[in-house]
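From a predicted model like this one, the values you see are computed outputs, not experimental measurements. In what follows, chains are A, B, ... by sequence order, proteins preceding strands, each numbered from 1.
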Amino acid sequence: VWAYNSFLDMLGLKRMVAEAKLLFLEMQEKGMTPNVDTYNVLIHAICVAGNVEEALRILKNMLSHGPKPSIVSYTIVMRALSGQRRIEEALQLLEDLSQQGLSIDKSMYGTLLYGLCKGGRVADAIRLFEKMELSGFNDIVAYNCLIRGHCEMGDMNAAKKLFIEADAKGLKPDVVMYTTLINGFFKIGNIEAAQELVTDVGKKGLKPDLIMFSTLMEGLCENECFEAAQELLDEIVRQGLEPNSSMYTMLICALCMAGSADKAVHFLEEMSLKGLRLD
RNA sequence: UCCGGUGAGCGCCCA
């Protein structure tokens, strides 16, 4: 069963949900009894594939036959509902799990926080965050969720304050947190604050990744920093990373709108040399 | 120990 669980997980991560389902059936044909981990892996794969309805059905079925859902099962489905901003249904799930006698752990609180922020209910999220604080659940992930909630509301003062608070607590801000804030500052047009954070990433010796660079590319283009956007491509290569097609597409779009057709053509050619195509 | 929570764009789904 353990071997099957691991294999199922692999398939799920590779977005091979159909294959995962077949494997699940095969297990049962061979007389093996899937345990709750097996179900969780399957539910996770189904959720990642975006089929929350089916995940909900499986979760409900587990109540009557098969292994009882664990807190992990609920967390997986909660996360999927939250990602689709279906916060009411997510909260309903929370009541269901209490009725099952399950108690809410740190990851579930984190998921709930994510859901509230994603659903724009930042005030509720702040209350939950304060409650989580008492249990020592506020790790770097929790901080980042709430920071993102504030960013989405354009409240960068609150976001920055949380960032400083996390730092002061000794929770080391990571590239994810910097990316969240950089994105937030770009969205309100505060280019200086965004640039300052980028400098900070370098000072701290953190390794920028493709997601951070993609965020930068979008922010620079949206704020019409065309030179900086072009230089960014070189910086990405210096960091040993490969610019992807969406970065080129953003840059080329921005250059076209700025009326620099010649430069746009230059990057278009560079793209095709690398075997990339416009998105 | 092993299954679950955080960041960009694209695609997918929904509108």
Side-chain angles (χ1 to χ4, degrees), chain A residues 1-10 12-13 15 34-45 47-53 55 59 67 69-86 90 97 102 104-118 125 128 132 137-149 151-152 159 162-163 166 171 173-184 186-187 194 197 201 208-222 243-251 253 276-279:
Chain A
V1 172
W2 183 85
Y4 268 94
N5 287 354
S6 306
F7 191 39
L8 260 177
D9 199 23
M10 262 186 48
L13 290 177
R15 315 265 157 118
N35 61 20
V36 65
D37 291 352
T38 317
Y39 275 90
N40 288 347
V41 170
L42 189 69
I43 291 173
H44 190 214
C47 285
V48 169
N51 200 344
V52 191
E53 306 312 326
L59 191 64
S70 66
I71 185 67
V72 174
S73 324
Y74 280 99
T75 306
I76 294 166
V77 180
M78 271 267 301
R79 166 62 179 79
L81 286 171
S82 299
Q84 299 187 356
R85 297 186 158 84
R86 292 162 66 173
L97 77 91
L102 295 170
I104 303 174
D105 67 2
K106 179 169 157 171
S107 281
M108 181 49 104
Y109 271 114
T111 306
L112 202 47
L113 188 70
Y114 168 81
L116 289 172
C117 289
K118 194 90 181 178
L128 181 67
M132 288 167 68
F137 285 165
N138 288 338
D139 57 12
I140 194 82
V141 175
Y143 267 93
N144 198 50
C145 282
L146 193 53
I147 286 173
R148 181 159 185 276
C151 289
E152 208 136 272
L162 280 170
F163 168 78
L171 297 172
D174 57 10
V175 177
V176 174
M177 188 172 277
Y178 275 102
T179 302
T180 306
L181 282 163
I182 288 168
N183 190 40
F186 271 131
K187 287 275 140 67
L197 288 165
V201 168
D209 60 10
L210 270 184
I211 297 186
M212 184 178 131
F213 281 123
S214 171
T215 306
L216 280 171
M217 183 60 83
E218 194 194 14
L220 291 171
C221 289
E222 272 178 359
N244 59 31
S245 60
S246 54
M247 288 182 198
Y248 273 106
T249 303
M250 287 188 278
L251 179 59
C253 271
L276 298 173
R277 292 169 35 173
L278 278 178
D279 289 333

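Residue-level contact check: A:Thr111 touches the backbone only, with heavy atoms under 4.0 Å from sugar-phosphate atoms and none from bases. Within the nucleic acid shown, A:Asp209 comes within 4.0 Å of at least one base atom, counting heavy atoms only. At the heavy-atom level, A:Val36 lies nowhere under 4.0 Å from the strands shown. Using a 4.0 Å heavy-atom distance criterion, A:Asp174 is classed as making no nucleic acid contact. Across all strands shown, A:Asn183 has heavy atoms under 4.0 Å from sugar-phosphate atoms exclusively, and none from any base. Among the protein residues, A:Ile76 comes within range of the sugar-phosphate backbone only, with heavy atoms under 4.0 Å from sugar or phosphate atoms but none that close to a base. When heavy atoms are screened at a 4.0 angstrom cut-off, A:Met108 is found touching base atoms of the nucleic acid.
The distance from atom CG of A:Leu116 to atom P of B:G5 is 17 Å, rounded to the nearest whole Å. Distance, A:Asn40 CG to B:C3 P: 11 Å, rounded to whole Å. Atom OH of A:Tyr143 is separated from atom C1' of B:U6 by 14 Å (rounded to the nearest Å). In this entry the distance linking CD1 of A:Ile140 with P of B:U6 reads 14 Å, nearest Å. The distance from atom CG of A:Leu216 to atom C1' of B:G7 is 12 Å, rounded to the nearest whole Å. Atom NZ in A:Lys187 sits about 8 Å away from atom C1' in B:A8, given to the nearest Å.
No hydrogens or angles considered: a donor-acceptor pair under 3.5 Å links the side chains of A:Ser73 and A:Asn40. Side-chain contact check for A:Asn244 and A:Ser246: at least one donor-acceptor pair (N or O, by modelled atom type) lies under 3.5 Å.
Residue side chain A:Asp279 does not reach the base of B:G9 through any donor-acceptor N/O pair under 3.5 Å, judged by distance alone. Within 3.5 Å, no donor on the side chain of A:Thr180 pairs with an acceptor on the base of B:G7, nor the reverse. One can find a donor-acceptor pair under 3.5 Å joining the base of B:G4 and the side-chain atoms of A:Asp105. If you check distances only, the side chain of A:Ser246 does reach the base of B:G9 with a donor-acceptor pair under 3.5 Å. Residue-to-nucleotide contacts include a donor-acceptor pair under 3.5 Å from the side chain of A:Thr75 to the base of B:G4.
The side chain of A:Thr215 lies closest to B:A8 when the candidates are B:G5, B:A8, B:G4.
Residue A:Glu152 forms a salt bridge (Lys or Arg N to Asp or Glu O under 4.0 Å) with just one option from A:Arg85, A:Lys118, A:Lys187, and that option is A:Arg85.
A:Arg79 has a side-chain polar atom (N or O) that falls below the 4.0 Å cut-off from OP1 or OP2 of B:U6. In terms of phosphate contacts, A:Arg148 brings a side-chain nitrogen or oxygen within less than 4.0 Å of OP1 or OP2 of B:A8.
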